[in-house]
Amino acid sequence: MTEKDTTQTSESEIAVHWQEEDYFYPSMRFIAQANMTDPTIYDRFSLENFPNCYKEYADMLDWDAYWHTLLDTSDAPCWKWFVGGRLNASHNCIDRHLAKNKNKTAIHFVPELEEEKIEHITYQELFVRVNELAALLRDFAGLKPGDRATLHMPMSAELPIAMLACARLGVIHSEVFGGFSGRACADRIIDSQSKILITMDGYYRSGTLLDHKKNADVAVELALKEGQKVDKVLVWQRYPGKASSPTPMVAGRDYFINEELKKYRGQRIQPVSMPAEAPLFLMYTSGTTGKPKGCQHSIGGYLAYVTGTSKYVQDIHPEDVYWCMADIGWITGHSYIVYGPLSLGASTVIYEGVPNYPDAGRPWRIAQELDVNIFHTAPTAIRALRKIGPDEPAKYDYHFKHMTTVGEPIEPEVWKWYYKEVGKGEAIIVDTWWQTETGGFLCSTLPAITPMKPGSAGPALPGIHPIILDEDGNELPAGSGKAGNICIRNPWPGAFQTIWGDRDRYVQNYYARYCKDPKSKRWQDWPYLTGDAAVQSQDGYYRILGRIDDVINVSGHRLGTKEIESAALTVSEVAEAAVVPVAHDIKGKEPDLYIALKPGVNAHPDLEKRISDAVCNEIGKIAKPRKVWIVKDMPKTRSGKIMRRVLAAISNKRDVGDVTTLANPNIVEEIQAMMRK
Ligand code: WTA
């Protein structure tokens, strides 16, 4: 058995021991108001009706020119949707709502400091601010359609304003999660060849005003070393007119946006009419190799898909107040804080800080204050809030109709607390399974139609047709009790188009595994490999078990083991590094880092700290190892491969299994003894 197979089996064993849970049903009150109550939607979106079913989503958008070809597969597996169509995403998220809803709040920005006022931005104000920024980006920054701009911004109203201003010009935005380091930002600037960086001087996190500007300086410097020159760094001030960061501005390179904007007051920019299949943004994500991949999402297909799923799965109506606690720096924020809700004309909440600041009641006070009725978060936040404030929700007078969980599998016990305490038994829950690559949801219940089952993502969405395959490509049918690789049989409009600048890697990573004929132009021959293991129960519901590749899901954030290992290797004393996931009751998983030193170097607590710091500096604090274990040697196969499976078993205090075939079996006992100390 290979190393990888064993890791998979251990994930699926966990699942087999989980019991089937009972269904929960939506209330009549929810059903009476729901956007989608017609169960024939599953027939309308059946494989027989593919791809024509997706006209329904396209028709939720405003088109400058209507498309002529729904799905073009001639460049398989780079699918093109709504070919011939032209549209603009910023028009669809802003301008088209003005006639009826200009006075309605588009964005509620909630600062982390509770004494600071919440900012309510109407659609009209959003229109004005996006237009003025678009004018600045075009005329001052020189951005043209098809150019890339890197954004390294924290949770702020200015972040969607910057995204939408780019979209208005047909500029491709690439937002880097605010918590990432300058190094991580540099890698993304280089890969996307961005000449413009948009950032913010500071932001609050757990009550501290962080210096964010310094990351921009690091990013620009490192990018230059690798040949990518950033011409202008555009800096928003957290408090306009007041410095929030001690890092100085660089003359001739750095500009305060709020200052420069004064020159563009009153300017209006006609939304650039873009081809449907032009890219809207890049979102970098971790994969099997060290280098992050820039997932390229289209304007027409992506926007149609997130609009359709926001309407049917999130049940967003224009009168709803919708709060997704994810970070806009991840795909969830792009699709389900910015593009989906704004395309439907809802009010979307953006919260700057952490959920438990200053205490575990904060989210519920925000919900009460803004009368939020749709709430969206991740299991890691639910676990944390349950642990530190299990009785807090009951103290506040808010009422959700709908709640989402996303990002990792949720334990049935945690699901039930979410349902009973946070949702007060009134709100339905959707457990939405999807990925950066997929643009929008793949599996989830339809809230008014299919019942909920704790711990299960539910059936596939209408128009998504998964299949679970074993290593040999045989289908594992519903109810088989066996876990396998979950794939999607058909393309869908939200799917990413390619990896920016690396089509081969796109084909190799996602399609080569089960492709029936590499020359085929038929979508039927190209199942999409999600990289997750799953089981399908008798009722057709999918339970997602976790990644089959080298990705660790920490608090719902995807980190590549290779990225962490290469960060550790930047410390000159380190010879070898191996990262394994360790179970954590709040974060889901945490990375444990094993290190073998170069000959002649001695272990030292200071060295452990330097290695840990290197990981934080290279990637960001979210990747900080639980512990750096300096070991004499790594457990290895005779061919010299590090046995991460054995290290994972040690870290998780599981049985290491048969290690007699290792080149150095004694090291296993030595490491275990070291950890017991
Ligand atoms: C995992 C986040 C179980 C999965 C939207 C996937 C989930 C990876 C769920 C993608 C869920 C996401 N249940 N696991 N509801 N949602 N995952 O790209 O392993 O940050 O492949 O996208 O998160 O993470 P990403």
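Whatever order the structure lists ligands and atoms in, that order sets their numbers, starting from 1.
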Query - atom 18 (O) of ligand 1: nearest protein contact (heavy atom, Å) - result: Thr436 OG1, 2.5 Å
**Report entry** Partner of Lys453 under side-chain hydrogen bond (donor to acceptor under 3.5 Å, both in side chains), chosen from Asp22, Asp539, Asp431
**Finding:** Asp539
Report task. Identify, by atom number and element, the atoms of ligand 1 in contact range of Arg547, meaning under 4.0 Å from any of its heavy atoms. Result -> 6 (C), 19 (O), 21 (O)
**Report entry** Residue part near ligand 1, for Pro409, under 4.0 Å between non-hydrogen atoms
**Finding:** both
Query raised in the report: Atoms of ligand 1 less than 4.0 Å from Ile544 heavy atoms?
Result: 3 (C), 14 (N)
Query raised in the report: Judged by non-hydrogen atoms, does Asn553 sit under 4.0 Å from ligand 1?
Result: yes
Requested in this report: Decide ring-ring contact (aromatic ring centres under 6.0 Å, His included) for Trp433 and Tyr542; before the verdict, give the C-alpha distance in whole Å, the side-chain angles of both, and the deciding distance to 0.1 Å.
Outcome: CA-CA 9 Å; Trp433 168 67; Tyr542 293 94; 7.5 Å; no
**Report entry** Backbone N/O of Val321 and side chain of Asn373: donor-acceptor pair under 3.5 Å
**Finding:** yes
Report task. Just need the protein heavy atom nearest to atom 16 (N) of ligand 1, so name the residue and atom and give the distance. Result -> Gly407 N, 3.0 Å
Report summary line: Looking only at protein heavy atoms, what sits closest to atom 6 (C) of ligand 1 is Asp532 OD2, 3.1 Å
Query raised in the report: Can you check whether Thr332 has an N/O within less than 3.5 Å of an N/O in ligand 1?
Result: no
Report task. Count the heavy atoms belonging to other residues, nucleotides or ligands that lie under 6.0 Å from NZ of Lys424, then report whether that count exceeds 12. Result -> yes
Query raised in the report: So does Asp320 pair up with Lys401, basic N to acidic O under 4.0 Å?
Result: yes
Query raised in the report: Who's the nearest protein heavy-atom neighbour of atom 24 (O) of ligand 1, and how far?
Result: Arg558 CD, 3.1 Å
Query raised in the report: Any salt bridge between Glu408 and Arg383, counting N to O under 4.0 Å?
Result: yes
Report task. Give the residue and atom name of whichever protein heavy atom lies nearest to atom 5 (C) of ligand 1, and the separation in Å to one decimal. Result -> Trp434 CE2, 3.5 Å
Query raised in the report: Is it true that the NZ or CZ of Arg148 lies under 6.0 Å from the centre of Phe281's six-membered ring and within 45 degrees of the ring axis?
Result: no
